[in-house]
Amino acid sequence: MFVKARSLSTQLIVSLGVLLSIFGTVQGISSYHLALVGVNALLDGRLSNVAGRIRDVFEAAIPHQSAGSGNADDIVVLVWTAQHKSPARTTDSAVVLNRDSPTGFSDQIVNREAWRVYTLVTYNEVIQVAQRVAVRERMAEASAARALMPIFVLIPAVWIAVYFCVRRAFGVLGRLGRRVQAIDSSNLEALPEAGLPVELEPFVSSINRMIERLNESMRLERDFISDAAHELRTPLTALKLQADNLQGDIAPQNRERFQALRHGIERTSTLVSQLLQLARADAQISTTAPSALEVTEVVSSVVSELLPIATQRRIDIGGEELMSARVCATESDLRAVVKNLVGNALRYTPEGGAVDLHVHAAEGVARIEVTDTGPGIPEELLPRVFDRFFRVSQSVEGSGLGLAIVRAIVVRYGGSVTLANRKDGRSGLRAVVTLPLLRPRAEAGIQVC
Ligand SMILES: Nc1ncnc2c1ncn2[C@@H]1O[C@H](COP(=O)(O)OP(=O)(O)OP(=O)(O)O)[C@@H](O)[C@H]1O
Ligand SMILES: [Mg+2]
């Protein structure tokens, strides 16, 4: 209403606070004016009262002449009789009011000061009771200001009360927001519906229905992937076996074509495995549970596995700096990440090149670096190399799925993967993977996964 804040609670607090402050101020100002009027009436009443009582009782007590009351707030009383031109009796001889003032209340200027006068005419005398207007105003203002006091306490109190009430009412929204934020494919639990404000019920129940549908479609996807894995692998394995069995019976003139056939089967089977691996990583399916793994051990094991390829291509592969770094992952996932990156480095680095591996652990992350002396990747194509089936050049065989698999896996573990051309003046690519380090459980020093 008054503010364009993005937070509903801030909007409410400010709007309510401003509204209540305006009402409070208007109420305060009107009380002030009412109090002014009230006090003036009260003072007038006092003047007429004094005049009445003087007539009845105290007339004789008033001195014949007085040098002045000395008290500025005092009421001045004059009594005129028919015989005298000056007041017969007065409480302050310096103040001589107009004897012919109209009966009742009047305002007079005496000695350049405004006076409020009450004139009472009896059968043989005129009694005048007067008070300085400035004194009356001072008294009325002081009394009205006291009426304002509660407002100064009430307005801040209203702000505090509004703040706490709105925060309390919105607390449930905040808690709900945090639960909704925590929803992801690994945490698809329905939100609690009990005890919710009615306004939130439709939202929460539609979120819950969405979670239910998501759970169902993820279950179907998982089932489809495992069925597909089985259905595709079985015939391909059978084909491979049959080709192996046939090998001896192939006539020499057909050997080359037979090898092409076998290579085709190999490629198809690799492609099927890669597609399933990617689908599994995307659908967050693991056949085994994650465990605490030493990154360096997995890197060394992958290097040993790929050593024959490196030797064949005369590529110097080595772990430059392999620090201990423990992460929580399945071994097959971590192996797939390292193998794809080291495999790429060996595949795209020309013969006689070098591939360096680094493993660091710092600031809560394990960092795996694979640096090669290959051609690198043109800068403008770097953002696309993680796309499925994207390949920079077709000169070397491959399906363009390796990096997509790497990214899907590391993202799933809350890590990252980046590729950059070398900045040290040499040609080559540096692939960097980060994964969250395993945190020791504080109380026991036990590493939990
Ligand atoms: N170390 C590297 N040096 C140069 N180019 C690279 C390197 N790594 C990847 N690339 C380029 O990025 C493309 C995508 O790599 P990716 O690993 O996804 O697929 P691939 O290696 O072609 O096939 P595969 O699915 O068998 O891994 C590659 O085709 C290649 O052109
Ligand atoms: Mg690859």
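Note that ligands are numbered from 1 as they come in the structure, with each ligand's atoms numbered from 1 the same way.
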Asker: Ignoring angles and geometry beyond distance, decide whether Val392 reaches within less than 3.5 Å of ligand 1 through its nitrogen or oxygen atoms.
Answerer: yes

Asker: Can any side-chain N or O of Glu294 pair as donor or acceptor with the backbone N or O of Ala325 at less than 3.5 Å?
Answerer: yes

Asker: Are the side chains of Val295 and Ile368 in touch, meaning some heavy atoms are under 4.5 Å apart?
Answerer: yes

Asker: Below 4.0 angstrom from a heavy atom of Gly398, which ligand 1 atoms are there? Numbered from 1 as shown, please.
Answerer: 23 (O), 26 (O)

Asker: Above 12 or not: heavy atoms from other molecules or residues under 6.0 Å from CZ of Phe203?
Answerer: no

Asker: Sub-3.5 Å donor-acceptor pair from the side chain of Ser30 to the main-chain atoms of Gln27, do we have one?
Answerer: yes

Asker: Between Thr434 (side chain only) and Gly415 (backbone N and O only), is there a donor and an acceptor less than 3.5 Å apart?
Answerer: no

Asker: Using heavy-atom distances, let me know which of Gly376, Pro378, Ser399 sits nearest atom 4 (C) of ligand 1.
Answerer: Gly376

Asker: Just distances here: any N/O of Leu401 and N/O of ligand 1 closer than 3.5 Å?
Answerer: yes

Asker: Whether the side chain of Asp356 engages the backbone of Gly319 through a donor-acceptor N/O pair (distance < 3.5 Å, no angle test) should be reported.
Answerer: no

Asker: Report the nearest protein non-hydrogen atom to atom 9 (C) of ligand 1: residue, atom name, distance rounded to 0.1 Å.
Answerer: Asn344 ND2, 3.5 Å

Asker: So Asp244 and Arg262, side chain to side chain contact (heavy atoms under 4.5 Å, CB included) or not? Walk me through it.
Answerer: CA-CA 9 Å; Asp244 285 348; Arg262 278 197 62 173; 3.0 Å; yes

Asker: Quick check against the 3.5 Å criterion: does Asn215 have a side-chain atom that pairs as donor or acceptor with the backbone of Leu188?
Answerer: yes

Asker: Decide whether the shortest distance between a heavy atom of Arg347 and an atom of ligand 1 is less than 4.0 Å.
Answerer: yes

Asker: To which protein heavy atom is atom 22 (O) of ligand 1 closest, and what is the distance rounded to 0.1 Å?
Answerer: Arg391 NE, 2.6 Å

Asker: Determine whether a donor-acceptor pair (N or O, by modelled atom type, separation under 3.5 Å) exists between the side chain of Asp92 and the backbone of Ala94.
Answerer: yes

Asker: Please check this pair: side chain of Thr311 against backbone of Leu307, looking for a donor-acceptor N/O pair closer than 3.5 Å.
Answerer: yes

Asker: Taking only heavy atoms of Gly402, which atoms of ligand 1 are found under 4.0 Å from at least one of them?
Answerer: 16 (P), 17 (O), 18 (O), 19 (O), 24 (P), 25 (O), 27 (O)

Asker: I need the protein N, O or S atoms closer than 2.8 Å to the Mg ion (ligand 2), given as residue plus atom name.
Answerer: Asn344 OD1

Asker: Please answer whether the main-chain N or O of Leu191 pairs with a side-chain N or O of Asn208 as donor and acceptor at a distance below 3.5 Å.
Answerer: yes

Asker: Report yes if some N/O of Phe390 lies less than 3.5 Å from some N/O of ligand 1; otherwise report no.
Answerer: no

Asker: Using modelled atom types only, decide if a donor and an acceptor are shared between the side chain of Arg179 and the backbone of Pro192 within a distance under 3.5 Å.
Answerer: no

Asker: Identify, for atom 5 (N) of ligand 1, the protein heavy atom at the shortest distance, and state residue, atom and that distance.
Answerer: Ile377 CG1, 3.4 Å

Asker: Apply the test side chain to side chain contact (heavy atoms under 4.5 Å, CB included) to residues Thr371 and Val355: give CA-CA distance (whole Å), side-chain angles for both, the deciding distance (0.1 Å), then the verdict.
Answerer: CA-CA 6 Å; Thr371 313; Val355 173; over 6 Å; no

Asker: Tell me: protein heavy atom nearest atom 23 (O) of ligand 1, and distance?
Answerer: Gly400 N, 2.9 Å

Asker: From atom 24 (P) of ligand 1, work out which of Lys339, Arg388, Gln274 has a heavy atom at the shortest distance.
Answerer: Gln274

Asker: Only heavy atoms of Ser393, strictly under 4.0 Å: list the atoms of ligand 1 that pass.
Answerer: 31 (O)

Asker: What protein heavy atom sits nearest atom 12 (O) of ligand 1, and how far off is it?
Answerer: Val385 CG1, 3.6 Å

Asker: Can you find an N/O atom of Leu403 closer than 3.5 Å to an N/O atom of ligand 1?
Answerer: yes

Asker: Among all protein heavy atoms, pick out the one at the shortest distance from atom 1 (N) of ligand 1; state its residue, atom name and that distance to 0.1 Å.
Answerer: Asp372 OD2, 2.8 Å

Asker: Would you mind checking which non-hydrogen protein atom is closest to atom 7 (C) of ligand 1, with the distance to 0.1 Å?
Answerer: Tyr348 CD1, 3.5 Å

Asker: When only distance counts, is Leu429 in polar contact with ligand 1, meaning an N/O pair under 3.5 Å?
Answerer: no

Asker: Taking Arg116 for its side chain and Val129 for its backbone only, find out whether a donor-acceptor pair lies under 3.5 Å.
Answerer: no

Asker: May I have the step-by-step check of salt bridge (charged side-chain N to carboxylate O under 4.0 Å, His left out) for Arg136 and Asp44, ending in yes or no?
Answerer: CA-CA 9 Å; Arg136 289 164 59 92; Asp44 276 356; 2.7 Å; yes

